[in-house]
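Here the structure comes first, spelled out in structure tokens, and everything after it is commentary.
By convention here, the first residue in the shown sequence is residue 1. Indexing begins at 1, ligand by ligand and atom by atom, following the structure's order.
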Amino acid sequence: MRLDVITIFPEYLEPLRHALLGKAIEQNILSVGVHDLRQWATDVHKSVDDSPYGGGPGMVMKPAVWGPALDDVAQGCGLAALTKELSSSLPHKDKARHDDVEGVDPQRYQDISVREGEDPSLPLLIVPTPAGKPFTQADARAWSNEEHIVFACGRYEGIDQRVIDDAHNRYRVREVSIGDYVLIGGEVAVLVIAEAVVRLIPGVLGNRRSHEEDSFSDGLLEGPSYTKPREWRGLEVPEVLFSGNHAKVERWRRDQALLRTQQVRPELLDGVKLDHHDKKVLGLQ
Ligand code: SAM
């Protein structure tokens with residue numbers, strides 16, 4: 001997968017070089033280019049923003065800068081071609097993770113993100129904005145199949161809307177929010193989305209079951225997890241986890257997931273198929 005990020009703060013994207021994403025870069029599963037938007041600014045001050053039409057507070061990011069930046073990055077040409085690739089921060093090569101599982105073949109998710117009338121060969125442009133559609137695990141699954149994703153990081157009051165409208169000519173465009181709150185800029189949202197997407201690319205997580213059993217994969221939140229020691233500060237690990245009975249452990253885990261979801265995010269249960277036992281656990285019959 002190729003990721004390109006356009007931002008006025010390239011150093012904010014430094015975390016993309018670390019840990020599992022850094023490992024993915026080193027294994028050539030991932031390549032990342034972080035582009036400084038100011039390269040495309042043409043005035044002496046390298047300005048990227050201007051006052052909003054219609055008045056009001058704050059500044060809006062200029063189309064005359066964003067347009068050429070998105071044109072170049074879509075094709076990896078012009079100023080975009082001069083950007084240095086992000087390198088991995090750590091030498092991970094050939095080191096198996098402690099939870100790597102032999103015999104588990106990496107598989108792709110089958111989901112794709114192509115809307116009616118869209119050309120699937122165009123790169124995906126993700127524009128983080130609090131006014132976008134909420135980003136979900138289903139998006140992460142679908143986007144983990146993309147060859148080329150470009151992120152446009154807004155600042156100030158955001159990017160002139162015509163930039164987004166025009167980008168539809170060269171990209172499949174998704175305006176997404178990472179939550180109902182307002183950040184200062186899109187960089188942190190890009191880190192969130194990139195992590196969620198890249199960890200689902202086959203080969204990035206040693207143990208694919210790690211994400212198959214994660215929260216949201218089956219529509220439920222994941223229940224509690226425990227490790228050694230068996231007793232800690234007077235608190236015991238639930239007995240069932242030592243039973244050696246796989247079916248019993250699985251049933252207990254599902255019960256815990258159901259109860260946690262009911263308590264914390266009850267609306268999620270509307271999208272989950274519940275059997276007789278599930279309903280009994282939830283006190284629904
Ligand atoms: N004026 C905008 C509004 O009210 O919708 C808020 C702009 S915000 C101060 C600046 C930038 O931060 C946005 O362009 C976007 O890139 C990013 N941002 C802020 N909150 C976000 C969120 N919840 N999800 C994704 N991106 C966000």
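- Annotation: cation-pi geometry satisfied between Arg155 and Tyr12 (NZ/CZ under 6.0 angstrom from ring centroid, within 45° of ring axis).
- Taking both residues in full, the closest heavy atoms of Ile25 and Ser87 are given as CG2-C, 4.4 Å, listed atom of the first, atom of the second, then distance.
- Identified under the side-chain hydrogen bond (donor to acceptor under 3.5 Å, both in side chains) test for residues 225-235, with sequence neighbours left out: Arg230-Glu239.
- Applying the salt bridge (Lys or Arg N to Asp or Glu O under 4.0 Å) test to pairs two or more places apart or on separate chains, those with a residue in residues 273-285 are Arg251-Asp278, Arg254-Asp278.
- Between the side chains of Arg174 and Ser113, a donor-acceptor pair is found at a separation under 3.5 Å.
- Around ligand 1 you find Pro128, Thr129, Pro130, Gly154, Tyr156, Glu157, Gly158, Val176, Ser177, Ile178, Gly179, Tyr181, Val182, Leu183, Ile184, Gly185, Gly186, Ala189, each with a heavy-atom distance below 4.0 Å.
- Under the 4.5 angstrom side-chain criterion for Ile, Leu, Val, Met, Phe, Trp and Tyr, the cluster partners of Leu268 are Phe216, Leu221, Val264.
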